[in-house]
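Have a look at the structure below, then the notes.
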Amino acid sequence: MPVTKNLFRFAVPAFAVVLLASACSSGASGTKTDSAPAAAGTTVVRVGSLSNGAATEADITVAQQDALRAELPAAIRSGGTLKVAVGALPAGFPPLAYVGSDQKTLTGSEPDLARLVAAVLGLKPSFDNATWDNMFVGIDSGKDAVGFANITDTEQRKQKYDFASYREDNLGFETLKSSTWSFTGDYHALAGKTVAVSSGTNQEKILLEWQNKLRTEGKDINIKYYPDSNAVLLALTSGKIDIYLGPNPGVAYQVTQTSKSPNPTRIAGEYSGAGETLQGLIGATTKKDSGLAKPIADAVNYLIQNGDYGRWLAAWNLNTEAVKTSQVNPPGLPASNS
């Protein structure tokens, strides 16, 4: 791991701006709206706003760091805006990124971290909520500068993108609470099961690799795709699928939401998003060689050092996925499995 720089808080700023999540929203249509401008001083970022019970609201005061702002590409620094892509359409993936309880505001742990990073860098965050595939199109075209959307660092993706890691990537297997099935790391346990997974995701690639291995042994996995988490949950509770494989935070949230329903679910096992030999990592995703990954990583490290990162994780109940440091392009899911 690279040595993290010592970063210091600068002089007390002239004034504070309260950055409400509702001022930084993106509706279900995917239209882009901007947040309030970051002051040349401190910004109060309200995390967990309108979370519909997924988070505990907290106000985090962030001081702009001029030394880190100076690392930004000149065009972004002079433009004053951090254009953030979030692939949360059509229905979002709580608690990571979704439309809040007011039915219009983009909330979730991912956009909240983007707001914190933008505040450190003295930028105004602007969100472009798109489908998962179109999120990458936005980054590729330069429409958006960075993706904050639970994007797994993989060696294949690093051919086109740079990453600044900020959270562990763990996958969860969700089943009905009444099911006795469990996953302990051996893909053979999936033989003969019907499993739902989201298309174009890292977990799909892992599942397809397991399917290929099973097929060489004369076995198989029946893989199903659904448009959103609500459809997945309906399929699971109605018995159309046996298992859902998805990001562990989302699975944990769904388990909480179903706990008092007629068909509660449970986490039946976990797996690293980078395979059995490497801890998967989630990273802010930028166009390769754009020069933005390093200042974002340094901003995350500043938040880690002063405790704001821990407060963000705690607000969203994601403490178990903390990283000790943000790294630029750390080892990711091997290309042979991605």
Side-chain angles (χ1 to χ4, degrees), residues 4-26 32-51 55-84 86 97 100 102 105-127 145-146 148 164 166-167 284 286 292-316 318-319 322-326:
T4 304
K5 296 180 179 178
N6 290 320
L7 306 174
F8 299 91
R9 188 181 294 268
F10 286 85
V12 177
F15 60 95
V17 174
V18 176
L19 178 58
L20 293 176
S22 59
C24 193
S25 66
S26 180
K32 183 190 294 185
T33 56
D34 294 348
S35 68
T42 60
T43 302
V44 180
V45 179
R46 179 162 295 168
V47 300
S49 181
L50 301 167
S51 69
T56 302
E57 274 195 24
D59 287 342
I60 300 178
T61 303
V62 182
Q64 175 181 310
Q65 299 300 299
D66 292 344
L68 301 187
R69 180 178 169 82
E71 296 179 5
L72 290 166
I76 293 178
R77 186 171 62 249
S78 61
T81 300
L82 184 64
K83 297 180 179 179
V84 181
V86 180
D102 64 350
T105 301
L106 185 65
T107 189
S109 62
E110 303 295 272
D112 274 355
L113 181 60
R115 292 174 177 119
L116 291 168
V117 167
V120 172
L121 297 174
L123 298 173
K124 176 181 68 173
S126 173
F127 292 93
V146 58
F148 277 87
Y166 58 80
R167 189 165 50 77
T286 70
L292 188 55
K294 184 179 185 301
I296 289 177
D298 288 344
V300 173
N301 283 324
Y302 170 77
L303 294 167
I304 290 172
Q305 290 173 355
N306 72 5
D308 290 341
Y309 172 82
R311 284 183 275 276
W312 162 71
L313 287 173
W316 285 101
L318 296 175
N319 306 69
V323 295
K324 293 182 178 179
T325 185
S326 175

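Along the sequence shown, residues are numbered consecutively beginning with 1. Treat the numbers as computed from the prediction; the structure is a model and nothing was measured.
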Looking at every non-hydrogen atom in both residues, tell me the closest pair between [X] and [Y] and how far apart they are.
X: Leu318; Y: Arg167; result: CD1-CD, 4.2 Å
X: Ala293; Y: Ala164; result: O-CB, 3.6 Å
X: Ala314; Y: Asn319; result: CA-OD1, 3.6 Å
X: Ser51; Y: Trp316; result: CB-CH2, 3.7 Å
X: Glu57; Y: Leu50; result: OE2-N, 3.8 Å
X: Ser109; Y: Trp312; result: O-NE1, 2.9 Å

Check side chain to side chain donor-acceptor pair (under 3.5 Å) between Arg311 and all other residues, then give those that pass, not counting sequence neighbours.
Asp308
May I ask you to say whether Asp112 pairs ionically with Arg115, meaning some side-chain N is under 4.0 Å from a carboxylate O?
yes
Less than 4.5 Å apart, side chain to side chain, heavy atoms only: is that true for [X] and [Y]?
X: Val44; Y: Ile60; answer: no
X: Leu292; Y: Leu82; answer: yes
X: Ser49; Y: Thr105; answer: no
X: Asp298; Y: Glu71; answer: yes

Straight-line distance of [X] [atom1] to [Y] [atom2], nearest 0.5 Å:
X: Gln64; Y: Thr43; atom1: CD; atom2: OG1; answer: 7.5 Å
X: Leu303; Y: Gln65; atom1: CG; atom2: CD; answer: 9.0 Å
X: Leu121; Y: Arg69; atom1: CG; atom2: CZ; answer: 8.5 Å

Please test Val300 against Val323 for side-chain contact (heavy atoms from CB on, under 4.5 Å), starting from the C-alpha separation and ending with a verdict.
CA-CA 10 Å; Val300 173; Val323 295; 5.7 Å; no
Is there a donor-acceptor contact under 3.5 Å from the side chain of Tyr309 to the main chain of Tyr166?
yes
Using only atom types and a distance under 3.5 Å, with no angle test, would you say the side chain of Ser326 pairs donor to acceptor with the backbone of Asn301?
no
Take Tyr302 and Leu116 through the side-chain contact (heavy atoms from CB on, under 4.5 Å) test and state the conclusion after the steps.
CA-CA 11 Å; Tyr302 170 77; Leu116 291 168; over 6 Å; no
